[in-house]
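Down below is the structure, laid out as structure tokens.
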2 protein chains.
Amino acid sequence: MARSPTTSDAFAAIAEPRRREILGVLAGSDGERDVTWLVEELGWPQPQVSKHLSVLREVGLVRVVRKGRRRMYSMNGEELRPVYDWVKTYERFWNHQLQRLKERAERMEREAKRKGPPSSHQTPPVNPDSN
Amino acid sequence: MARSPTTSDAFAAIAEPRRREILGVLAGSDGERDVTWLVEELGWPQPQVSKHLSVLREVGLVRVVRKGRRRMYSMNGEELRPVYDWVKTYERFWNHQLQRLKERAERMEREAKRKGPPSSHQTPPVNPDSN
DNA sequence: CGAATATATCCCTATATCGGAATATGTCAA
DNA sequence: TTGACATATTCCGATATAGGGATATATTCG
């Protein structure tokens with residue numbers, strides 16, 4: 001087997017920087033855009049733009065409607081949601097400061113209610129099967 | 001030129017589902033994990049696990065420390081932040097319902113304050129994803 | 001030292017990419 | 001119809017992957 005096709009997934013499709021760039025300009029410009037407009041905006045050869053658009057199309061990240069001899073592309077960002085949901089799972093890794101503050105605050109609150117002495121307890125094992 | 005190497009980017013590295021799976025089990029288990037543990041947990045041949053770990057290592061998504069003859073891997077989620085930040089800029093695409101509600105609420109509030117008649121105004125064209 | 005354990009690396013094959021260049025397809029206009 | 005314009009597709013070459021299998025490198029133990 002080889003690498004997974006770029007068209008298998010939103011994850012695979014956005015692995016290519018140029019494709020992200022296309023999405024960027026498409027989302028930045030309100031509404032629909034011409035291929036020619038994209039070509040001029042990006043400054044790449046037209047076939048390249050078309051090929052990348054083809055990948056994005058196949059994954060559903062962009063939509064097309066034919067308008068005369070032009071094809072109007074627009075972004076379909078909802079297809080990025082799986083990526084968002086996945087990466088959001090790891091939010092705690094860069095929010096740990098905030099999270100620690102929050103946990104500490106909650107701990108203090110609980111202890112204040114109980115009127116017990118403050119415990120110098122480590123962060124409780126969120127995930128138990130630590131060895 | 002060929003496709004961008006999987007080691008060029010967090011984007012490229014997580015394009016492979018197996019790599020996401022590794023991150024999943026690593027993040028799920030608190031702290032550090034053995035390669036052998038990963039092999040048993042995932043049920044893949046050991047060289048595959050090692051090879052994927054190598055990619056993740058090179059991108060900085062995991063960290064290793066040698067402990068005797070074992071190598072303890074742990075997740076370094078901060079490296080996912082660029083992905084998060086990028087995808088977050090498209091949040092409005094799946095939050096538009098929420099956003100419309102919010103905008104409508106704010107509009108009503110403003111109008112109530114002014115005691116003017118309710119305007120049947122369309123959402124201001126932040127993003128005209130009107131079809 | 002020699003054996004066992006833990007992990008990484010090497011070799012191989014099939015596959016798919018990306019870019020470049022040329023060309024095909026489709027549509028409007030005179 | 002002929003030609004101009006807009007876009008997609010095809011062919012090419014270089015590259016790199018992912019998985020399979022074998023093996024190399026370390027490290028601990030007896």
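Here the structure is a predicted model, which is why all the values come from computation and not from measurement. Within every chain, numbering begins at 1; the chains are lettered A, B, ... in the order of the sequence lines, protein sequences first and strands thereafter. Only heavy atoms go into these numbers, but all of them, side chains included; no hydrogens, no water, no symmetry mates.
- Atom-to-atom, CE of B:M1 to C1' of C:dT17 comes out at 13 Å; the value is rounded to the nearest Å.
- A:V65 belongs to a hydrophobic cluster whose remaining members, ordered by chain and number, are A:M72; membership requires side-chain heavy atoms of ILVMFWY residues under 4.5 Å apart, directly or through intermediates.
- Side chain to side chain, A:T6 and A:E16 fail the donor-acceptor criterion of an N or O pair below 3.5 Å.
- Salt-bridge annotation for A:R63 and A:E32: absent, with no side-chain N of the basic residue lying under 4.0 Å from a carboxylate O of the acidic one.
- Across the protein-nucleic acid pair, A:W44 atom CH2 and D:dA8 atom C1' stand 17 Å apart, rounded to whole Å.
- Distance CZ (A:F11) to P (C:dT17): 18 Å, rounded to an integer number of Å.
- Applying a 4.0 Å cut-off to non-hydrogen atoms, the residues of residues 49-57 of chain B that approach DNA chain D are B:K51, B:H52, listed by residue number.
- For the pair B:E21 CD and D:dA18 P, the interatomic distance rounds to 14 Å; values are reported in whole Å.
- A salt bridge links A:K88 to A:E91: at least one charged side-chain nitrogen sits closer than 4.0 Å to a carboxylate oxygen.
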Can I get a per-line list of side-chain donor-acceptor pairs under 3.5 Å for residues 47-55 of chain B, giving both atom names and the distance, sequence neighbours left out?
unit_1	atom_1	unit_2	atom_2	d
B:S50	OG	B:Q46	NE2	3.1
B:H52	ND1	B:R19	NH1	3.2

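- Using the six-membered ring where Trp is involved, A:W94 and B:Y84 have ring planes that are tilted, between 30° and 60° apart.
- When the nucleotides D:dT7, D:dA16, C:dA8 are ranked by their closest atom to the side chain of A:Q46, D:dT7 comes out on top.
- Of the residues near DNA chain D, A:D34 and B:S4, the one whose nearest nucleotide (by heavy atom distance) lies more toward the 5' end is A:D34.
- Judged by closest nucleotide on DNA chain C, A:T6 is the one of A:T6 and A:P45 placed further toward the 5' end.
- Summarising the geometry, the separation between CE on A:M72 and P on C:dT27 is reported as 16 Å, rounded to the nearest angstrom.
- Contact annotation: B:Y73 side-chain N/O to C:dA6 OP1/OP2 distance is not under 4.0 Å.
- In this entry the distance linking CD of B:Q48 with P of C:dT9 reads 16 Å, nearest Å.
- Between the C1' atom of C:dT27 and the CZ atom of A:R70 lies a distance of 12 Å, rounded to the nearest Å.
- For A:R69, the side-chain atoms get nearest to C:dC28 when compared with the rest of D:dT27, C:dC18, C:dC28.
- When the P atom of D:dA18 is taken as reference, atom CZ of B:R19 falls 4 Å away, rounded to whole Å.
- Residue whose closest nucleotide on DNA chain D sits further toward the 5' end, between B:R71 and A:P47: A:P47.
- Between A:R3 and the phosphate of C:dA14, there is no side-chain N or O to OP1/OP2 separation shorter than 4.0 Å.
- Across the interface with DNA chain C, nearest-nucleotide mapping of B:V35 and A:A2 shows B:V35 to be the residue nearer the 5′ end.
- Backbone-only engagement by A:E16 is indicated by non-hydrogen atom pairs under 4.0 Å involving sugar-phosphate atoms exclusively.
- Distance check: B:L56 CG to B:I14 CD1 gives 10.0 Å after rounding to the nearest 0.5 Å.
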